[in-house]
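Note sheet for the following structure.
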Amino acid sequence: MGVKGSDMVQELIIFMVFALAAGYMLRLGYQSFFSKDAGCAKGCGSACSTIDLKKIEEQMRAKQAQAK
């Protein structure tokens with residue numbers, strides 16, 4: 001009982017869908033961890049992309065310096 005041509009086509013389609021889904025997930029992970037832009041990987045421009053961590057750090061250091 002060998003693999004018929006239609007079975008092979010179905011398996012190829014399933015493999016392609018799986019490969020595309022895996023590639024999409026890898027891309028999201030890469031953007032989340034290695035993005036040069038500030039904020040999250042969603043790219044929606046919401047509040048998470050407007051937070052300036054360097055500015056917050058500078059403000060915290062200035063407050064610490066004033067407290068001493």
Side-chain angles (χ1 to χ4, degrees):
M1 291 191 198
V3 177
K4 295 181 181 179
S6 62
D7 290 339
M8 184 179 275
V9 171
Q10 288 177 355
E11 289 179 6
L12 182 62
I13 291 171
I14 291 170
F15 175 76
M16 288 173 53
V17 169
F18 175 79
L20 287 171
Y24 178 73
M25 295 300 293
L26 288 171
R27 182 177 153 258
L28 284 179
Y30 178 81
Q31 287 178 343
S32 176
F33 291 108
F34 300 110
S35 177
K36 293 180 182 178
D37 299 328
C40 60
K42 292 189 303 185
C44 62
S46 65
C48 65
S49 64
T50 60
I51 297 173
D52 187 2
L53 296 177
K54 290 184 181 185
K55 183 177 179 183
I56 293 171
E57 183 180 3
E58 289 172 4
Q59 290 174 347
M60 289 174 60
R61 288 184 187 197
K63 286 183 181 180
Q64 287 176 349
Q66 288 177 353
K68 290 182 181 181

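Atom CE in M25 sits 13.5 Å away from atom CG in L20 (nearest 0.5 Å). Annotation: the span from M60 atom CE to I56 atom CD1 amounts to 8.5 Å, rounded to 0.5 Å. To the nearest 0.5 angstrom, K54 atom NZ is 9.0 Å from E58 atom CD.
Here the options are I13, I14, L12, the test is side-chain contact (heavy atoms from CB on, under 4.5 Å), and the partner is M16; only L12 passes.
The pair E57-R61 meets the salt-bridge criterion, with a side-chain N (NZ, NE, NH1 or NH2) lying under 4.0 Å from an Asp/Glu carboxylate O.
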